[in-house]
Amino acid sequence: MQPLLLATENGLYCPQGDFYIDPIKPVKRAVITHAHSDHARAGHAFYLCQTDTAPLLKLRLGDQIHTETLDYGVKTYIQGVELNFFPAGHVIGSAQIRLAYRGQTWVVSGDYKVVDDGITPAFEPVRCHVFITESTFGLPIYRWAVQSVLQSRIQQWIWQTLAQQQLPILVGYSLGKAQRLLYLLKDETLNFWLHPSIYHIHQTLLQHRPELQPYFPFVQPLNPDVKRAELQQSLILIPPAALETKALDRLQPYATGYCSGWMQVHGQARQRKTDAAFPLSDHADWPGLISAVEATGAEKVWVTHGFTHSLARYLREEKKLDADVWGLPAFEDETEE
Ligand SMILES: [Zn+2]
Ligand SMILES: [Zn+2]
């Protein structure tokens, strides 16, 4: 029987259903795991995504795109291929995609994390025959501290920075990290100011999911007309792209704290020119990847997107699994415009 998914130059393709998953070139029908820009690109004729992802796609790609949505756990059929979404725990709206056809079940993980961060629907292991896993942090050096430890390190740093008469600026992706940081810090008596790109995502999420409001503090947009003198007892959130821009000059004196799994490796903080580094990640760490793979019970594991060779080799040699690197065109690191 023909495999349910093939690696093509456009990305993962399901021939039986004639659709692509997170295609990298414009196609007719795209099924999207989540709204990060390296997974959800412009130019597809139809987008099928999890319900919470649709408004984020429209915010990024424009209102004119054609989206169809599906809630977690609800089945749909595309040319006889059964398809449903399961929570991937990566960012709000992120989904693993389960495909079933003539007794064969495949799951594409998309990006995922196995830690329940309290605000993103938690990762759910799905039994399948074939599992396609990401491996962004697929090296044994990546092991995350528990969230509460990172949370108190970040809290301490904020108050220390303020005590030194500096403005604390946390750096993290607009979708995922920013919502998580707001949730973790919501009880701090701070004025929260969001870089416009984070503010727009925040507003979009709340518009579509007003019940999320209690998970977040009150926030304001850090527009260019906000004066430095107004930023008393304040915390600023910016995306990585804003870190090295001149726009930050007017916020002096300030200190930056970069929140990313990459901060686990010494040297990354220096390279990214940040004062403090917090390895808070929206991806699974090494033990998380391995436990997620094992929980699927899959007889075949394809590894993509990251440190593919090291994870595939470990699964073969130590776990005796039939695991290989999937020859897909590479995804970029989480990029944001
Ligand atoms: Zn992602
Ligand atoms: Zn990704």
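For ligands, and for the atoms within them, numbers begin at 1 and follow the listed sequence. Keep in mind that this is a model prediction, so the values were computed, not measured.
- Residues Tyr72 and Phe85 keep their aromatic ring centres 6.0 Å or farther apart.
- Within the coordination shell of the Zn ion (ligand 1), defined by N, O or S atoms under 2.8 Å, His34 is present.
- Ring to ring, His283 and Phe137 are close: their centroids are under 6.0 angstrom apart.
- With a cut-off of 2.8 Å, the Zn ion (ligand 1) has no N, O or S atom of His283 in range.
- Donor-acceptor pairing under 3.5 Å is lacking for the side chains of Asp285 and Tyr142.
- For Asp111, the N/O/S atom at the shortest distance from the Zn ion (ligand 2) is named OD2.
- In this structure a side-chain-to-backbone donor-acceptor pair under 3.5 Å is missing from Thr245 to Ala241.
- Here the N, O or S atom of His36 that is nearest to the Zn ion (ligand 1) is ND1.
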